Amino acid sequence: MMVTRAPAETLSVLDRPNSYIGKTVPRPNLDRLLQGRGQYVSDLELPRMAHVVFLRSPYAHARIVAIDADAARRMSGVISIVTGRELEAVITPWVGVLSHLKGLKSAPQHAIAIDRACWQGEAVAAVVATSRAVAEDAMEQIAVDYEELEAVTDMRTALDPATPVIHASLGDNLAFERTLNAGDVDQALSGSEVVEADFVFGRHTGVTLEPRAVVADWNAAEARLTIYQGTQAPHMVQNIAALHLGLREAQVRVVCKDVGGSFGIKVHIYADEMATYALSKLLRRPIKFVADRVESFNTDIHARDHRCRGRIGVKPDGTITAFEIDDLTGIGPYSMYPRTSAIEANQVVNLVGGPYVTPNYRARARVVFQNKNVMCQYRAVGHPIACSVTEGLVDLAAAKIGMDPVEIRRRNLIADDAYPCASPSGMKFEQLSHHASLAKLLQMMDYDALRAEQTALRARNIHRGIGIASFIEVTNPSAAFYGVGGAKISSQDGVAVRLDAQGSVICQTSITEQGQGSESLTAQIVGSVLGVSMERVRVILGDTDNTPYGGGTWASRGAGIGGEAALQAAKALRQNVLDIAAAILQSTSGGLDIVNNSIVSADDGAPRIELSELARIVYFRPDTLPPGIQPELMATRHFVPRQYPFAFTNGVQASWLEVDTETGFVTLLKHWVVEDCGTIINPQLVDEQIRGGVVQGLGAALFEKCIYDERGQLTNANMADYLVPMSGEMPDIEIGHVVSPTRESELGAKGAGEAGTAGAAAAVANAVNDALRPFGATITEIPLTPQVILTALGRI
Amino acid sequence: MSTPVSVSLLVNGEPIDAFVLPRLNLADFLRENLKLTGTHIGCEHGVCGACTVRIDGEIVRSCLMLTVQAQGASVETIEGLSDSGEIADLQAAFRERNALQCGYCTPGMLMTAQDLLKHLPVPDRQAIREHLSGNYCRCTGYQAIVDAVEATARMRAERPA
């Protein structure tokens, strides 16, 4: 590990004795998950709870002529059958736009479709019954008369005059367009070698192992709705549910305990979840909705359906002179609410060319509507597209001028001493470490030895390839992400820390836990700053009634934003405790410290008073304290980055793989990542975040694709036909770090959750092309299925 | 289909008598009738492995088995294996190695790993990867799980018999 920032002259809270920061410690409370005693929403049962299933449109685009539910209504156990029109009485529709994405438009979306279904899988009626099985039985007895309408499926023709307009009121199928022009691209290209390629990205989805689940419980006597939901953003759900049900935020409580996978899938609010909240209010009882796997494939957001034409200019000496992209993406029939479906294309424009010096950059991104499932933000939003296009073009440029892929990167990556600086798209970089990262990567993988091995094996007709991908990663988003566009999604987070009556610590934080280790990092930071052992720190999260208001855990913000709030809250409480200790001990707070659960003398570390004894005095014998002392054993602090809209991180990945040119199969042999996420709180958790992210990127590279037919039918909506990485195909993944702490916070932590996914597919694609170079084949499409590879090789 | 039938079985050593619909699958029976929610449901079509339980010593997908098929059988779930201490060392290795993130696949993963170690006490990494390749994990990237299983195998091999 290499640290780029010189140590501060005075010791900070990060340097305290017995600090947990920077140490691998096991996550607290793992035993309940290991014993199968977690509390996922799908496990929850409440008294009088009913189950809802949704009757979903079998057509991608159809007018709902009539719904006959009489037979179903008469079935035993059926509580209610509710149509979109009936549900409209308790919940208002929404439009997924943000004002800072100029021109973004969408149509009003209802919790349950009214009159018309716009994708295969959109709910057209809700069946509520005493059990899910009964509800499913009843659903089969509902007769819907549909008039099938022409479906818009191919994004390449969505804007053609002959293509039907999905929402007539919008005028056309263009949801959003952004163009950017920096420097002088035409002039730069005119004096350069120019390489051009069409990059195609399969539409894929998150496949959280626990499907989306919600229990909504309207208490008519309290006029309060409690929503139990596996979500990444409880306060966002609270705000949106209140808004559309005509309630005040104080009337809605969102509780989120264990969440069975999220990856951005569970940061959105889906129409069927809105319908479940509304049904609870309408029927005045708890209602449970758990998506089955087919529903998950048809309704969990999809991502990455992009086609991007890219061009790069390069001089014979390897200087990259310009990047140009024209990106097209299809988002389904609605822009998702409240985060909108234009963010990914916008990120692609922001991120292409990001690691490189090149000042000339021209981009166009168009986002179009289709009659397919909605597309929206999924792990590493836009990053894999931008990274694959950029790094694919850089490799093509290197091949064109006969330069090694590492050498062309060395000549063009932004220098490690060039910061702060900005990209041609206006992104502000504080401190990145591309060259240090690349150097570390090459050393970890022993690049020269691998190249020699590759050459030797080629002579034996074994085709292995090396792929390199540098990347930048957006983390710690400020209000610039959503708030400026009018979305009620908090970018700040808060932590409240208090000392209990036995000298233990309770922290309430607004970030959430989906397995990343939010509880652990909060306890590590608070324990370190307070001088309290981690066993004595309990973390409460995922409950809008019992945590400060904040954003939650998404976009790699938990450690950087929630962690800094925890640090500042713990510092404030520490000062309060020392002030009280000084009064009790007739000392000064500066002369005291807290170490290992005790107040000690700062100079010699001699124990003075146990925290438990201090707490006893404060809570039970405050009469013995000197007059005028009002002990505050609780402190709350909030944090949001202000100076930089995002904390950019950087890293580089490499893939080593073998292509079987007879079968088209790819065998992953080894994968390396070097990532700079600033201060590392728990090395093991960071590494495992990166590994998990890499594997999601490898899935995109080789397996994952939502396959639609020309009528908009999703033809592989099950786990047997939609392939995800399994343990047998995955390589070991080696992780290294360069550390450039952000100066925006005292903690210095940036995010690490997107890094793996951002660059993995690009590394694999470059490695496959490297392996196939003797055949003159170039592939710029993922997933790299055997069919794609054999086609490129001219074998089929 | 709509008439409940009687079924008797052992679940984690405890005799259970119940009337169930013939169509009720074992995963739903464990979760809904017995409130043993450690057995998780990920796909309901036998692919993901989250619902893996042990029946008469062999691991099965409880979503693919009807409750009535378990008549007279001994069913063991993650709760039973945890309380008996049979997999305490494997669970400790998972905790130590952070071989779980969201934890949803974990009960099925532990069941499958324990099955491997019973049949092949010292598997190499590839054998571990292959045996676990019927169990989805979407969070960890699998490497930590393979490490934890490998470490457990090594510790058991070194333990005096």
Side-chain angles (χ1 to χ4, degrees), chain A residues 24 26-27 30-40 42-45 131-133 206-211 258-263 290 292-294 296 514-517 682 684-685 687-696 698 718-720 724-733 756, chain B residues 21 23-24 28 31-32 35-50 77-79 81-83 87 90-92 94-108 110 125-126 128-147:
Chain A
T24 287
R27 282 157 57 201
L30 270 190
D31 284 347
R32 70 168 192 272
L33 301 181
L34 285 159
Q35 294 182 17
R37 287 171 168 127
Q39 283 184 287
Y40 301 89
S42 44
D43 299 332
L44 185 66
E45 283 190 36
S131 78
R132 180 161 152 184
V207 197
T208 60
L209 200 49
E210 181 194 32
D258 294 311
V259 184
S262 49
F263 323 120
V290 182
D292 70 21
R293 189 48 65 181
V294 175
S296 298
Q514 300 104 38
Q516 302 95 327
N682 185 322
Q684 186 181 62
L685 297 188
D687 287 0
E688 297 314 326
Q689 265 302 292
I690 293 171
R691 284 199 179 94
V694 165
V695 169
Q696 289 194 348
L698 296 177
N718 63 76
M719 278 187 171
V724 306
M726 302 301 290
S727 56
E729 296 100 35
M730 288 300 104
D732 280 341
I733 300 160
Chain B
L21 292 176
R23 72 177 185 182
L24 183 70
D28 285 345
R31 290 177 55 80
E32 292 169 14
K35 315 297 178 193
L36 290 167
T37 53
T39 301
H40 292 154
I41 292 175
C43 71
E44 297 176 277
H45 52 264
V47 183
C48 78
T77 71
I78 186 66
E79 290 92 344
L81 265 65
S82 299
D83 289 347
I87 57 168
L90 190 58
Q91 288 166 319
F94 268 57
R95 184 194 311 112
E96 192 65 26
R97 186 57 191 83
N98 196 44
L100 66 158
Q101 289 183 20
C102 82
Y104 200 75
C105 74
T106 308
L110 289 166
R125 289 180 74 79
Q126 195 52 37
I128 297 170
R129 284 189 177 277
E130 278 168 22
H131 196 82
L132 296 181
S133 64
N135 289 67
Y136 277 62
C137 170
R138 206 49 176 160
C139 299
T140 65
Y142 301 107
Q143 187 169 332
I145 298 172
V146 175
D147 290 348

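Sequence lines set the chain letters: A, B, ... in the order given, protein chains first and strands last, and positions in each chain run from 1. For clarity, every value in this text was computed on a predicted model and none was experimentally measured. Just the heavy atoms: all of them, side chains too, but no hydrogens, waters or symmetry mates, feed the values below.
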* Asked: Among A:G206, A:G756, A:P26, A:G517, which has the most heavy-atom pairs under 4.5 Å with chain B?
  -> A:G206
* **B:S82 side chain to A:Q35 side chain, donor-acceptor N/O pair below 3.5 angstrom** => no
* To do: Quick one: list whatever passes side chain to side chain contact (heavy atoms under 4.5 Å, CB included) with A:D258, sequence neighbours left out.
  => A:R32, A:L33, A:Q39, A:Y40
* Structure fact -> Interface check, chain A: of B:G38, B:S133, B:A92, most non-hydrogen pairs under 4.5 Å belong to B:S133
* To do: Flag the one option from A:I733, A:D732, A:L30, A:V695 with the top tally of heavy-atom pairs under 4.5 Å to chain B.
  => A:D732
* Asked: Taking all atoms of both residues into account, what is the closest heavy-atom pair of A:R132 and A:V290, and its distance?
  -> NH1-O, 3.4 Å
* Asked: So, for A:R27 and B:N98, which heavy atoms are closest and what is the spacing to 0.1 Å?
  -> NH1-OD1, 2.9 Å
* Asked: Is it the backbone or the side chain of B:L100 that comes under 4.5 Å from a heavy atom of chain A, or both, or neither?
  -> both
* **Structural part of B:R125 lying under 4.5 Å from a heavy atom of chain A** => side chain
* **Considering all heavy atoms, the nearest B:G141-A:M730 contact** => O-CB, 4.4 Å
* **Closest heavy-atom pair and its distance - B:R97, A:E688** => NH1-OE2, 2.8 Å
* Structure fact -> Whatever's closer than 4.5 Å to a heavy atom in chain B on A:E210 counts as both
* B:T140, part contacting chain A, at a heavy-atom distance under 4.5 Å -> backbone
* **Residues A:D31, A:R37: salt bridge by 4.0 Å N-O rule** => no
* Selection from B:H45, B:E32, B:E96 maximising heavy-atom pairs under 4.5 Å formed with chain A -> B:H45
* Asked: Minimum heavy-atom separation for A:A133 to B:R23, with atom names?
  -> CB-NH2, 3.2 Å
* Shortest non-hydrogen contact between B:Q91 and A:L34, atoms and distance -> NE2-O, 3.0 Å
* Toward chain A, the part of B:D28 with a non-hydrogen atom under 4.5 Å -> neither
* Asked: Could you give the distance from NE2 (B:H40) to SG (B:C102), rounded to the nearest 0.5 Å?
  -> 9.0 Å
* Engaged part of B:E44 at the chain A interface, taking heavy atoms whose separation is under 4.5 Å -> side chain
* To do: Under 4.5 Å, counting heavy-atom pairs only, tell me which of A:V694, A:N718, A:T208 racks up the most with chain B.
  => A:N718
* **When A:P211, A:S42, A:G38, A:G261 are compared by non-hydrogen pairs under 4.5 Å with chain B, the top option** => A:S42
* Structure fact -> Sorted by chain and residue number, the side chain to side chain contact (heavy atoms under 4.5 Å, CB included) partners of A:E729 (sequence neighbours excluded) come out as A:F703, A:M726
* Do you know which of A:Q696, A:Q516, A:R293, A:E45 has the most heavy-atom pairs with chain B at a distance under 4.5 angstrom? -> A:R293
* **Residue selection (most heavy-atom pairs with chain A, distance under 4.5 Å) from B:C137, B:C105, B:C43, B:P107** => B:C43
* To do: Sort A:V207 into side chain, backbone, both or neither according to what part of it lies under 4.5 angstrom from a heavy atom of chain B.
  => both
* Let me know if B:Y142 has heavy atoms under 4.5 Å from chain A in its side chain, its backbone, both or neither. => side chain
* To do: Pick one of side chain, backbone, both or neither for B:I41, based on which atoms fall under 4.5 Å of a heavy atom in chain A.
  => backbone
